[in-house]
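Below, chains carry the letters A, B, ... as their sequence lines are ordered, and counting in each starts from 1.
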There are 2 protein chains.
Amino acid sequence: MHRPRKEMIAETRAKLIAAARHAFGTTGYAEASMDDFTASAGLTRGALYHHFGDKKGLLQAVIAQIDGEMAARINEVASRAPTRWQHFVDECSTYIEMALEPEIQRIMFRDGPAVLGDPAQWPNASACIVSMTDHLTALQEEGVVVSSLDPETASRLINGASSQAAQRIANSDDPEATSKKVVTAFKQLLEGLLKKPDPQSN
Amino acid sequence: MHRPRKEMIAETRAKLIAAARHAFGTTGYAEASMDDFTASAGLTRGALYHHFGDKKGLLQAVIAQIDGEMAARINEVASRAPTRWQHFVDECSTYIEMALEPEIQRIMFRDGPAVLGDPAQWPNASACIVSMTDHLTALQEEGVVVSSLDPETASRLINGASSQAAQRIANSDDPEATSKKVVTAFKQLLEGLLKKPDPQSN
DNA sequence: CCTATTCACATACGTAACGTATGCCAATTG
DNA sequence: CAATTGGCATACGTTACGTATGTGAATAGG
């Protein structure tokens with residue numbers, strides 16, 4: 001056992017992040033007591049302040065973790081898709097699906113922005129946006145998407161719409177029916193990005 | 001003086017709402033101390049709890065007020081516009097412009113949703129959405145907009161995109177340039193809603 | 001192998017803010 | 001003019017955050 005030290009530290013960090021993630025995702029950031037969820041991890045706030053500085057710092061760490069997972073899932077879906085445009089649409093759909101999960105919705109789309117400000121300004125997060133932006137750029141070069149728009153800007157707008165879409169489905173009485181309506185409307189909006197002459201996909 | 005009573009009460013409420021609105025809009029909801037901003041209105045938390053029940057209740061009142069103002073501004077712009085489609089686009093632009101104001105952005109798009117949940121579920125707010133939805137419905141009947149989508153759903157999605165658009169502009173180093181890019185991308189998305197001349201797609 | 005130092009984490013404390021319970025005074029009602 | 005309502009302030013208890021300090025184990029150095 002030459003490394004029990006580093007391992008213990010990593011484990012402590014992981015436990016804190018996991019406990020906080022659960023608390024933030026269910027109870028919500030503001031209502032989550034640091035005493036409570038550190039205790040649920042078998043620790044105290046001392047460890048928390050040592051590793052993350054303050055409550056916000058811990059939230060940042062949680063967000064970074066979730067963002068990494070989201071990016072991984074997006075990229076996995078990305079790998080299989082016939083056309084690049086389809087690929088792009090799939091990415092958006094996956095994004096909406098992920099946003100349906102209460103934990104992601106709460107932390108990434110509600111409490112996160114409220115506590116840390118505009119997600120576009122987050123240092124570590126939004127790997128998904130990067131991916132979407134890249135694909136939009138490629139689609140422009142291929143002449144599939146109109147060239148007049150800024151890829152990252154478009155990605156962010158679509159992102160905002162996705163988040164709304166997810167919330168609408170998640171809060172619906174009839175998620176099935178709502179999902180259909182939302183996805184239809186969403187894809188319709190995406191059509192606006194296509195160059196007119198030849199809308200051949202989807 | 002048969003009404004000094006009612007007037008005083010209304011004035012107290014108005015003062016509390018105004019003070020809270022300022023505090024929430026600048027300091028932010030979570031960081032705004034009730035003791036502080038009630039004192040700045042020459043009152044105490046006693047009045048606040050009497051009229052609004054709790055901090056959330058006050059936030060709701062503030063939101064209702066802002067929402068009313070936003071709806072009024074939207075409707076005013078609405079009154080002058082050559083075509084209904086242009087009217088609709090103007091509405092969206094106005095929405096983005098309003099979202100540029102820090103107070104509106106902070107209260108309506110960040111703290112509001114974080115504290116009170118999905119804006120779509122707010123009882124009193126979102127008069128703007130109603131307006132946009134109505135116009136979309138009319139546009140569908142006129143055959144300008146594709147008939148396959150649900151108007152309110154579309155309005156919400158556009159709303160989400162608008163909020164992103166505004167944040168992007170507001171946080172930009174170069175608001176002028178960013179604004180151009182964002183509005184271009186935004187209008188491009190809206191194009192997706194239009195019925196296309198050629199009958200092949202959709 | 002022994003000592004010194006680092007550092008991960010816990011404990012203890014001060015402070016600020018929220019919500020409730022209570023009290024008071026002015027205005028309305030009869 | 002007496003009684004009562006209710007608008008608002010005051011006082012209090014509770015909770016949660018952040019800091020300052022302490023401790024013990026693991027590493028580093030000789």
Side-chain angles (χ1 to χ4, degrees), chain A residues 1-63 107 111-112 114-116, chain B residues 1-63 106-107 111-112 114-117:
Chain A
M1 303 202 338
H2 247 232
R3 302 258 148 77
R5 183 77 166 180
K6 294 293 175 195
E7 284 173 16
M8 289 307 290
I9 294 172
E11 189 183 330
T12 298
R13 281 183 61 96
K15 280 199 284 191
L16 282 174
I17 291 177
R21 177 172 173 168
H22 182 255
F24 293 164
T26 53
T27 311
Y29 176 83
E31 292 73 27
S33 159
M34 299 166 78
D35 279 314
D36 288 351
F37 69 72
T38 50
S40 82
L43 297 161
T44 68
R45 276 177 327 165
L48 192 158
Y49 281 101
H50 181 74
H51 285 289
F52 302 100
D54 60 356
K55 202 179 181 184
K56 279 185 179 181
L58 182 53
L59 177 61
Q60 282 180 4
V62 169
I63 284 177
I107 297 175
D111 292 347
V115 176
L116 303 177
Chain B
M1 306 209 323
H2 239 237
R3 300 260 152 77
R5 183 74 165 182
K6 293 292 174 197
E7 285 173 16
M8 289 306 290
I9 295 173
E11 189 183 332
T12 298
R13 282 183 61 96
K15 280 199 285 191
L16 282 174
I17 291 178
R21 177 171 173 167
H22 182 255
F24 292 164
T26 53
T27 311
Y29 176 83
E31 292 74 27
S33 158
M34 298 167 78
D35 278 314
D36 289 351
F37 68 73
T38 49
S40 83
L43 295 161
T44 69
R45 277 178 329 170
L48 192 158
Y49 280 101
H50 182 73
H51 285 290
F52 302 101
D54 61 355
K55 203 179 181 184
K56 279 185 178 180
L58 183 53
L59 177 62
Q60 282 180 2
V62 168
I63 284 178
R106 180 97 206 203
I107 298 176
D111 291 348
V115 176
L116 304 178

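- The shortest distance between the side-chain N/O atoms of A:Thr12 and the OP1/OP2 oxygens of C:dA8 is not below 4.0 Å.
- Annotation: the span from A:His51 atom NE2 to A:Ile9 atom CD1 amounts to 6.5 Å, rounded to 0.5 Å.
- One can place CZ of B:Phe52 at 17 Å from C1' of C:dC18, the figure rounded to the nearest angstrom.
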Legend entry - Heavy-atom protein contacts under 4.0 Å, nucleotides 10-21 of chain D, coded B base, S sugar-phosphate only, - none: BB----SBBB--
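- To the nearest angstrom, P of C:dC7 lies 18 Å from CE of A:Met8.
- For A:Thr38 against A:Arg45, the heavy-atom pair with the smallest separation is OG1-N, 3.8 Å.
- B:Tyr29 places none of its side-chain heavy atoms less than 4.5 Å from the side chain of B:Leu116.
- For A:Arg13 and C:dC9, the CZ to P distance is 10 Å, given to the nearest whole Å.
- Here C:dA8 presents its C1' atom at 15 Å from CD of A:Glu7, a figure rounded to the nearest Å.
- Of all heavy-atom pairs between A:Lys55 and A:Phe24, the closest is CE-CE2, 4.3 Å.
- The neighbour count for A:His22 NE2, taken as heavy atoms of other residues, nucleotides or ligands under 6.0 Å away, does not exceed 12.
- In terms of phosphate contacts, B:His51 brings a side-chain nitrogen or oxygen within less than 4.0 Å of OP1 or OP2 of D:dC8.
- Between A:His50 and the phosphate of C:dA8, there is a side-chain N or O to OP1/OP2 separation shorter than 4.0 Å.
- The side chain of A:Ile9 has C:dA8 as its nearest neighbour among D:dC8, C:dC9, C:dA8.
- Considering all non-hydrogen atoms of both residues, A:Asp111 and A:Leu59 come closest at O-CD2, 4.5 Å.
- Using a 4.0 Å heavy-atom cutoff across all strands shown, B:Leu48 reaches no nucleic acid atom at all.
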